[in-house]
Amino acid sequence: MNTVLILFYIFGFLAVLSAAFMVYTRNVLYAAFGLLATLLSVAAIFVLLFADFVALTQLMVYVGGVLVLILFGIMLSNRVANRAIQSESVNFWSGNLIAGMFLVGLVYLILTAGIVPAASEPATISNNVPAKSSITAIGIYLITNFALPFEVTSFILLVALMGAAYISTPEKND
Amino acid sequence: MNIPPAISITNEMNNLVLWALVAGLLPLMAFILLVGLGNKLPRQGDWLGIATTGISCLLALYLFLQVWGEPAIHVSRGWFALGGLGIASISFTAGIYLDNLAVLMLVLVTFISTLVQIFSVIYLHGDKRYHYYYGYLGLFTFSMLGIVLADNLLLLFIFWELVGFSSYLLIGFWYERDVATKASKKAFLFNRVGDIGFLLGIFMLYALFQTFDLQTLNAWFKQVNLSNGNFVFQLPGSLPLNNVEVPHWFLTLGGLGLFCGCIGKSAQFPLQVWLPDAMAGPTPVSALIHAATMVAAGVYLLARCFSFFTEEVFFVMAVVGTITTVLGALAACAQYDIKKVLAFSTISQLGYMVMGMGVGAHDASLLHLVTHAFFKAALFLNAGIIIHANHQAQAFSGVHTDEQDIRNMGGLRKILPLTFYTYLPATAALIGLPLFSGFLSKDAILSGAWAWAHYQSSQGNYFFYLIPLLGFGSVLLTGFYMARHCFFIFFGHNRLNAEANAFRTSPKKEASFLLLGPVVTLAVLSLAFFFSKNPFHYTESWILKGISREQLPVSVTGISSRMVENIARILHQSAYISLGTAIGSVLLAGIGIFLAWTSYQKVIRSGKIREVLPANTFSQLTLNHFYLDTIYDRFLISPFLFLSRKVADFDQHVIDYGLNSFGKMMVILAKMIGWFDRQVVDGLVNFISWLAGLTGKLGRHMQNGKIQSYYVFSMLGLLFLVVYIIFF
Amino acid sequence: MIDIPLTHLLILGAILFCLGMLAVITKRHAIVVLMGIELVFNAANINLIAFNRYQPNLMAGQIFALFVMVIAAAETAVALALVLKVYQYFKTVNLDQIRQPSRD
């Protein structure tokens, strides 16, 4: 038992709890904040897994961007001004059942899969790169090994931007 | 053992029997045709009835000429058999027996029936059920001929009942009248009471001898010996096997039973109450049935069964006959209805006949039967003419009184002279004045009665003389009431206050020929010349000789032969008896007429003619027929009706209740089953359909247009796929 | 040797994935469904990072996770734009009520 494991349990527990809260609550805003907590916990877990850059990116993109966007969306699509926004659930029992079965199945697979980590390939980056943060490795690999996905991703971002902008334009009422 | 030995029947005899059959069946055919389609025939078919009866009459005359004086003809065929294979079958025969008496009765019945039907053409003119009337008359004629021609007791009984039924139909012909329906029921029921005894008598004979056939029975009764108070019968003709030994009392009871049939049919005491009420029927019906033929059937039965009666039965017969005679004559003295007087007179004369049979004067009774038929029918038809004339007069003058009440008549001697002239011979015959037929027959009976009394009282008991004395007494009464009847109707002045011509058909013509013809014919036949060459002495009557016991094989000897033979011997030996009775009866008749004249004059002078109730109690008693009706009603009919009501109540409340409850239970059971059917059986079907619906609904949920449920189902599918891959 | 056992991480990822799927299935509000999808993405990221921890060469896992995040953001933007458009038309974000009006 070391601290990392304990922390992992704490943050994992927190993540699950807040995710559950997010799913089971009726109030949409509460759900949004539940999502926030989940994202934060997941970011913490990333840190524990030596993925600091991903954790930061998670915080910035998800929490600061996506979540804010979601909150805006909720606010803008709310008709009744005074009342709290409710979202009742449908398919409650069948959904729970399915999700439960999925979970059981996945857990079973995970436990019986017997994943053996493959022999690690020798690192292409020499050890003269400081290993305090993963960002350098990520940076290097982005340009070199994963350049194509990088470019394509940027292209996707552009397209998404254009698309979202276009969709959001109001109709001309002439 | 049952069937008599076959007699060789010649062709000629066969032919005669066939003619007799035709004569009997013609009226039946008339009945069927008239009742069935009488409506559609022209004139409603009265000509059909008259024609068939007329043809039957001619056939009867032919048969009479052929069979009178010749040996009797008996033809019988097997009729039906009881018992099947394995059991010895009992077979019954039916046949026709023609002898002097049968053909004489044949002629009598058909002749009077024809005359009555001719008379009815005018009398029932315009009646709305005219063709039914002639049909019923045809039925009656057929049944009466059946009685006369039948050769065995079973067949005779069948026709006996049929005659009773036709009488019921005819008495109640005008069934709108309550009086008529009650009278017809009464007639039928009282007849039935007599028939119970009749049946028992027949049963006795059958039980002893296993046959109904009259010839066979008479053959049995020929050879009878008395031993130890029992009669021993020997099988006729063959070895003395199967001797039948019968105690005396048993045979007496059977004889009394047979006599009961006669009591019912011939209106003897105590069953004579139906005959006065039967006058509610049309007058021609009264003439035919209740004077001439049906009521004579009882006496005919006695003649046929003469050899079966023991001496005790004869004594009872004599007593009953005498009582009937006296009662009838007494009751007739106080009656005011023209037909009722004649009805009571018929009862009285029938009593004479039965008394005659009872004292052993078998031939005299039959002679009286024949003469009585003619003159009584004449009197009734005469009364019919008077009633018809009265009716017409009342219609003209507008007065409405009882047209049958003799107190409303009078002086018709001048208004309807021909009627009066036909009335006289018939009345004279009834009273028994010399030169008329009735004198012969009454004289014969009274002589027979006197000889009987002489014979019976030879042991020293003089009470037997009461019977002939009462017979003489009723001669006096007969004279009285008939003379009274005559005076009230024909003498004095008319009390209806209608003019004379109102009674007649036209001022020149008194009444239609169709009305007068039959009456004249019958009145002429009341003269003595037709019955005997010597109008004063009955023994020379050719009819009497023809139907005497010696001639009729059925009436030879018998178990009372000792008494009968002795009486005949006495009669033969003492000629003074018949002379004495002749003079005595004429004297008494004259006294009766004189008494009637004086009482009539008294009533006319006092002017109290319209009094409803007669003055003294004895007259009241006789007017109401000795209250016999009331006695019967109180003591017999009412308790019986009470009992039948109780039984009906029981039937209604217990049996019907039980049945209704059973029915209700069935309904309840049906409802339960219905419930079961609806709930369970239909429920099952409904359940299956609900199940199908449920399945459908479940299936429908899979396609409800919601993407989230589609997502659920696709995940479900994925899971199943994974499970399948992993585990199978 | 390694701190956190792989199976634990994978199980966590599985749980989050199932919860996200549950949100997608059961929720009526369109944006909550989107939140569920985010959760799913995060679960996938956890998986990736966990494997990356056990096989750190090439940093493939983390890079892939970065790409996932980028795509998720883009997708969320477009989706929200769509949701807002839908809201303008249907005046509701209730998934049950967003449907083609049936032709009679």
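In what follows, chains carry the letters A, B, and so on, assigned in the order in which the sequence lines appear, proteins first and then strands, with residues in each chain numbered from 1. Remember, predicted model here, so these are calculated numbers, not experimental data.
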Counting only heavy atoms not in [X], do more than 12 sit closer than 6.0 Å to its [atom1] atom?
X        : atom1 : answer
C:Phe64  : CZ    : no
B:Met666 : CE    : yes
B:Tyr132 : OH    : no
B:Tyr168 : OH    : no
C:Phe90  : CZ    : yes
C:Lys85  : NZ    : yes

- Message: Non-hydrogen contacts under 4.5 angstrom with chain C: give the residues of residues 706-722 of chain B involved, or none if there are none.
- Response: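 Listed by number: B:Lys706, B:Gln708, B:Tyr711, B:Val712, B:Met715.
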- Contacts of residues 24-37 of chain C with chain B (heavy atom under 4.5 Å):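 The list, in residue order, reads C:Val24, C:Ile25, C:Thr26, C:Lys27, C:Arg28, C:Val33.
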